[in-house]
Amino acid sequence: WKLEREQGKACQGAVGENEPGREDLLMAAPRFLVPIDFSEYASHALDYAITLASKLGAHVTLLHVIQSLPMGGADMGVALPYTYLQDLEAEITSSLQAYLERVTAAGLEGDMVVVHGVPFNEIVAIARVQQVDLIVMGTHGRTGLQHVLLGSVAEKVVRLAPCPVLVARQPVSVSVS
C-alpha cells in the first residue's frame, strides 16, 4: 500500500520505526472504490469489499454514476430539467446511504460519490483522482449478443484502471442431487 513521509517528524508506531533511516515512514490506510448500480451484483461486490476492508482497515468509497440519457444532448437543445436532475441525485444519495450504513456498521470509514457520465470512464477517473488502491465491483455476467452490443463496464474498468480490480461474480446456486 502507499507509504507517506512526514517532514521532519518521527512517526510513533510506524512500520520500521526502530530501523535507522526509516523512522519517518507511515503506512497509509488503503482506499477501496466500490461502484454501486443498486443491483444484486453490486451488493455482492460490496460484501466482498467490506470483508477485505475489515481485514486491512481500508477506507471504502461508494460511487454511483448517473449515466447520461441519449436524448440528443445539450448541443441539440434537448436536456433534462434541472429540478429532475436534483431530485434524481437526492433519491440516489438517499439510496446510497443504506449501502454506506453497511460499511460503517462493519466499523469502517467510508464516503459516497455521485457523478454524471459514462460509468467506466467515471469509475476510472475517480480511482485516479482519489488514488484508489483497489476497485471492487460486480458484473452482470452478460454473454453472447448482449455482451457484444452492450460491452462490459467491468471489462473496460479492468483494462483502463490505474489500480487492481476485483470483479465479484454473483454466486451461482448449485443443486445437490
Side-chain angles (χ1 to χ4, degrees), residues 1-5 14-16 25-68 88-89 91-176:
W1 306 112
K2 295 182 209 125
L3 292 176
E4 299 176 356
R5 292 201 174 269
V15 174
L25 290 179
L26 258 183
M27 187 84 172
R31 296 188 61 85
F32 290 4
L33 179 65
V34 184
I36 301 291
D37 64 1
F38 305 110
S39 68
E40 286 183 42
Y41 304 97
S43 182
H44 182 66
L46 180 58
D47 291 339
Y48 266 90
I50 288 171
T51 300
L52 188 55
S54 295
K55 293 181 186 322
L56 299 173
H59 177 95
V60 178
T61 298
L62 305 178
L63 169 66
H64 181 79
V65 180
I66 300 172
Q67 191 166 358
S68 303
L88 180 61
E89 283 182 25
E91 187 176 320
I92 287 169
T93 300
S94 175
S95 297
L96 212 49
Q97 188 64 41
Y99 288 81
L100 184 59
E101 287 170 9
R102 288 169 53 188
V103 171
T104 56
L108 298 168
E109 288 186 26
D111 64 330
M112 304 181 302
V113 177
V114 177
V115 295
H116 294 262
V118 177
F120 79 90
N121 282 335
E122 296 304 324
I123 293 166
V124 170
I126 295 292
R128 239 183 225 110
V129 168
Q130 292 197 1
Q131 297 181 323
V132 167
D133 297 296
L134 179 68
I135 299 170
V136 182
M137 63 188 302
T139 178
H140 287 88
R142 291 186 184 104
T143 59
L145 185 59
Q146 200 176 30
H147 177 77
V148 171
L149 295 175
L150 300 174
S152 165
V153 172
E155 185 179 319
K156 290 173 185 168
V157 170
V158 167
R159 281 191 283 121
L160 299 171
C163 62
V165 180
L166 186 152
V167 180
R169 289 207 50 170
Q170 188 74 4
V172 179
S173 55
V174 179
S175 61
V176 178

Test side-chain contact (heavy atoms from CB on, under 4.5 Å) applied to F38 and H64, step by step: CA-CA 9 Å; F38 305 110; H64 181 79; 3.4 Å; yes
Minimum heavy-atom distance between R31 and Q130, given as atom pair plus value: NH2-OE1, 3.2 Å
Derivation of the side-chain contact (heavy atoms from CB on, under 4.5 Å) call for V132 and T61: CA-CA 9 Å; V132 167; T61 298; 5.9 Å; no
Interatomic distance, L160 atom CG to R128 atom CZ [nearest 0.5 angstrom]: 7.5 Å
Min side-chain heavy-atom separation V65-N121 under 4.5 Å: no
Heavy-atom side-chain contact between L134 and L52 under 4.5 Å: yes
Where L96 and V113 come nearest, the two heavy atoms and their spacing: CD2-O, 4.2 Å
Over all atoms of both residues, closest heavy-atom pair of G57 and A29: O-CB, 3.6 Å
Value rounded to 0.5 Å, distance of CZ in R169 from OG1 in T139: 6.5 Å
Worked verdict on V34 versus Y99 for side-chain contact (heavy atoms from CB on, under 4.5 Å): CA-CA 10 Å; V34 184; Y99 288 81; over 6 Å; no
Considering all heavy atoms, the nearest I135-C163 contact: CG1-SG, 3.7 Å
Contacts of type side-chain contact (heavy atoms from CB on, under 4.5 Å), residue A42, not counting sequence neighbours: I36, D37, S39
R102 side chain near S43 side chain, heavy-atom distance below 4.5 Å: yes
Closest approach of A45 to A168 (non-hydrogen atoms, all atoms of both residues): CA-CB, 4.0 Å
More than 12 heavy atoms from other groups under 6.0 Å of CD on E109: no
Evaluation steps, side-chain contact (heavy atoms from CB on, under 4.5 Å), between L33 and M137: CA-CA 8 Å; L33 179 65; M137 63 188 302; over 6 Å; no
Nearest atoms (heavy-atom pairs only) where T93 meets M112: CG2-CE, 3.8 Å
Student check: side-chain heavy atoms of H59 and D111 closer than 4.5 Å: yes
